[in-house]
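To keep things clear, I will list the structure first and then write my remarks on it.
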Amino acid sequence: MRGLMMDYPLNLSVFLARAEKLFPAREVVTRTSDGVHRTTYADIARRTRQLASALERHGVAPGERVASFAWNTFRHLELYFAVPCSGRVLHTLNIRLFPDQIVYIVNHAEDQVIFVDDSLVPVLQTMKDHFATVKLYVVMGDGPLPETSLAPVVRYEDFLAQGDPDYDWPALDENEAAMMCYTSGTTGNPKGVLYTHRALFLHSLTQAAADVCGLSERDTVLPVVPMFHANSWGFPFTSTLVGAKQVFPGPFMTPQAVLDLLQQEKVTVAAGVPTIWIGAAPLIAQGSYDLSSIRDIYVGGSAVPASLLEAYDRLGLRIVQAWGMTETTPIGSVSRVKSSLADLPADQVLRTRAKQGLPSLVVEARVANEVGEEVAWDGVTMGELQVRGPWVISGYYNDARSPASFQDGWFRTGDVAVIDAEGYIQLVDRTKDLVKSGGEWISTVELENALMAYPKVLEAAVIAVPHARWQERPLACVVLKPGETATRDEVLDFLRPRFANWWLPDDVVFVPAIPKTSVGKFDKKVLRGEFQAYTLPEHGAHASTPDAD
Ligand code: ADP
């Protein structure tokens, strides 16, 4: 029997309409080169309608892709709503991809228009001759249009002024595509993820829930996650839905600039990859920032070392770890401590927080073995993490590689994980990062977490290096804190009591910095390339098989 409820499509336009009606004066703040720009949901909503109407007048057809090549700003937020709510698809281009990858994804997505920040015009110009479908460039920023070879080109404000502020949002099916984002393509070409209105709508409702990010209109939200990285982890949509104040750092993403903004705007919720918070910790420790307004910092994208959680605890700031992927919109799990575990000894609570967490509301997770059978939730049996849920992809956009990413209706994450008896997911490694030593696996994530707990170490990445006898052995690449010195042996001695002998890295190299990916994660692919021919010492720190342990 069918129920009797309204057919009410889950469209993103509902979010903006609510913010406009209920929180018209709530601020949206953007850092600029000479201060901050302040606007409100009332203005954003009006300008968003104008922008949508201008797109229509320019003949951008429903369903066509409109791209952004931009930092986090209020104009980018306007695009976040104007493009999808008018029935088009916003393709957020990752500005840090290699030029040939950007050309590939612009052409693969068949982008019709590119909205580009002033500061990024010089980068985009170098690629423009290779774009097959782009018919218009719209340059975002203040003042006159900068000199550019992009053509045809128009200033954002002039473009917007051509639109009608009383434009009505069209009725859309909730399963229409709203946003598009390509994975950063660590192997092969990037793959396109096409989010529906429905997925983003449900993801936002969940993100606002207490056991996920608990966002409300009382919050001031600053994600230090680019708006081209998995929709800035959903924060711009969810913040608009609840009517929270939003703060955008523009191109000013350094730890110092972010800390200034966190303090000045009294931010309550921040988010970002571990590297930004590793960089910010010493600055916060100097004690010159008042960050007492912050209640939660959501950190994910790569493993959060327990030492980072502890360092922030000491600073009076709470980090909450989350796991996700571009393919999962992105929130898959959040590491909150169950009430039944909260009174355990502090080290056990910390260990729970250092796991990737419980599947978020409405996401199902399992760990599967090679033949696709779920393994026990015993905290030790490893397998591939697989997920399903209303905001998990069902395939990549126009991509023959899609079928390989699914098994019996589950999305294969490519992450190796265990699940414990309480249901907490713990990531062992990415499949491609694991060290396969003599047929056994060594988790680079665990070694890195331990290395980063050594007080002299700022950052550490462990990579597999080819080995004649064991196929691969781990090499630790370590960045010391400024002014520190250390030897290979003291670092290995620190690890020795924490790991089986055969897990110990064969060598430790001290490097000035770990290369970072386009979204600020350790770039182990680049490191592996650099150390591919590295000659490991004849006798590593250990015997190299489990048997010899
Ligand atoms: P990229 O492939 O460029 O890193 P994504 O942001 O989609 O793009 O990355 C998703 C991957 O990031 C996950 O598959 C996982 O390997 C890693 N990841 C995300 N969050 C965490 C976390 N909390 N701990 C460990 N790894 C994480």
Side-chain angles (χ1 to χ4, degrees), residues 8-16 80-81 83-85 89-92 172-184 190-215 221 223 225-242 271 298 300-301 320-336 356-366 385-397 399 402 405-415 417 423 425 427 519:
Y8 188 87
L10 307 183
N11 286 342
L12 293 171
S13 55
V14 172
F15 292 11
L16 194 59
Y80 257 49
F81 284 95
V83 178
C85 297
V89 182
L90 180 65
H91 174 196
T92 52
L172 297 174
D173 184 313
E174 65 185 26
N175 289 307
E176 296 267 329
M179 303 284 283
M180 186 178 211
C181 186
Y182 280 71
T183 61
S184 35
K191 295 184 235 174
V193 173
L194 204 49
Y195 306 97
T196 59
H197 280 264
R198 174 189 157 83
L200 294 163
F201 196 108
L202 293 171
H203 182 268
S204 299
L205 288 177
T206 301
Q207 188 168 26
D211 283 336
V212 183
C213 298
L215 291 192
V221 182
V225 186
M227 289 170 92
F228 55 76
H229 184 201
N231 310 314
S232 198
W233 297 356
F235 283 101
F237 286 125
T238 309
S239 303
T240 306
L241 163 66
V242 300
Y298 293 95
V320 179
Q321 171 157 211
W323 168 89
M325 303 179 71
T326 303
E327 290 89 333
T328 64
T329 307
I331 299 179
S333 68
V334 182
S335 204
R336 292 197 180 278
Q356 278 61 29
L358 298 172
S360 104
L361 275 67
V362 213
V363 170
E364 286 183 82
R366 70 172 192 176
L385 177 64
Q386 303 187 343
V387 292
R388 62 183 184 192
W391 53 81
V392 176
I393 57 162
S394 60
Y396 293 98
Y397 175 66
D399 204 310
S402 293
S405 294
F406 296 88
Q407 187 164 45
D408 304 330
W410 294 79
F411 172 66
R412 306 180 57 176
T413 65
D415 286 336
I425 298 164
L427 247 73
V519 289

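A quick note: this is a predicted structure, and the numbers were derived from the prediction, not measured.
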Testing the basics here: between [X] and [Y], what is the closest heavy-atom pair and its distance to 0.1 Å?
| X | Y | answer |
| --- | --- | --- |
| Val89 | Met179 | CG1-C, 3.8 Å |
| Val362 | Pro390 | O-CD, 3.3 Å |
| Pro84 | Ala178 | CB-O, 3.4 Å |
| Leu361 | Trp391 | O-CH2, 3.3 Å |
| His197 | Leu172 | NE2-CD1, 3.6 Å |
| Tyr298 | Trp233 | O-CZ3, 3.8 Å |

Nearest 0.5 Å, what's the [atom1]-[atom2] distance between [X] and [Y]?
| X | Y | atom1 | atom2 | result |
| --- | --- | --- | --- | --- |
| Gln321 | Ser333 | CD | OG | 7.5 Å |
| Ile393 | Thr196 | CD1 | OG1 | 12.0 Å |
| Asp399 | Leu194 | CG | CG | 12.0 Å |
| Thr413 | Met325 | OG1 | CE | 5.5 Å |
| Ile425 | Trp323 | CD1 | CH2 | 6.5 Å |
| Phe201 | Leu12 | CZ | CG | 8.0 Å |

Show, in sequence, the C-alpha distance, side-chain angles and deciding distance for Tyr195 and Thr326, and conclude whether the side chain to side chain contact (heavy atoms under 4.5 Å, CB included) test is met. CA-CA 10 Å; Tyr195 306 97; Thr326 303; 3.4 Å; yes
Examine distances only and state if a side-chain atom of [X] and a backbone atom of [Y] form a donor-acceptor pair shorter than 3.5 Å.
| X | Y | answer |
| --- | --- | --- |
| Ser239 | Phe235 | yes |
| Gln356 | Leu427 | yes |
| Tyr80 | Met227 | yes |
| Asn11 | Ser13 | no |
| Glu174 | Leu10 | yes |

Considering only heavy atoms from C-beta outward, does the side chain of Thr206 approach that of Ile331 to under 4.5 Å? no
Could you go through the side chain to side chain contact (heavy atoms under 4.5 Å, CB included) check for Val334 and Asp211 one step at a time? CA-CA 8 Å; Val334 182; Asp211 283 336; over 6 Å; no
So, using side chain to side chain contact (heavy atoms under 4.5 Å, CB included) as the criterion, who are the partners of Ser405 when residues are at least two apart? Lys191, Tyr396, Phe411
Give the C-alpha distance, both sets of side-chain angles, the deciding distance and a yes or no for side chain to side chain contact (heavy atoms under 4.5 Å, CB included) between Val363 and Thr328. CA-CA 9 Å; Val363 170; Thr328 64; over 6 Å; no
Criterion side chain to side chain contact (heavy atoms under 4.5 Å, CB included) on Val320 and Arg336, from CA distance to verdict: CA-CA 7 Å; Val320 179; Arg336 292 197 180 278; 4.1 Å; yes
Check the orientation of Phe237 and Phe15. Use parallel for under 30°, tilted for 30 to 60°, and perpendicular for over 60°. perpendicular
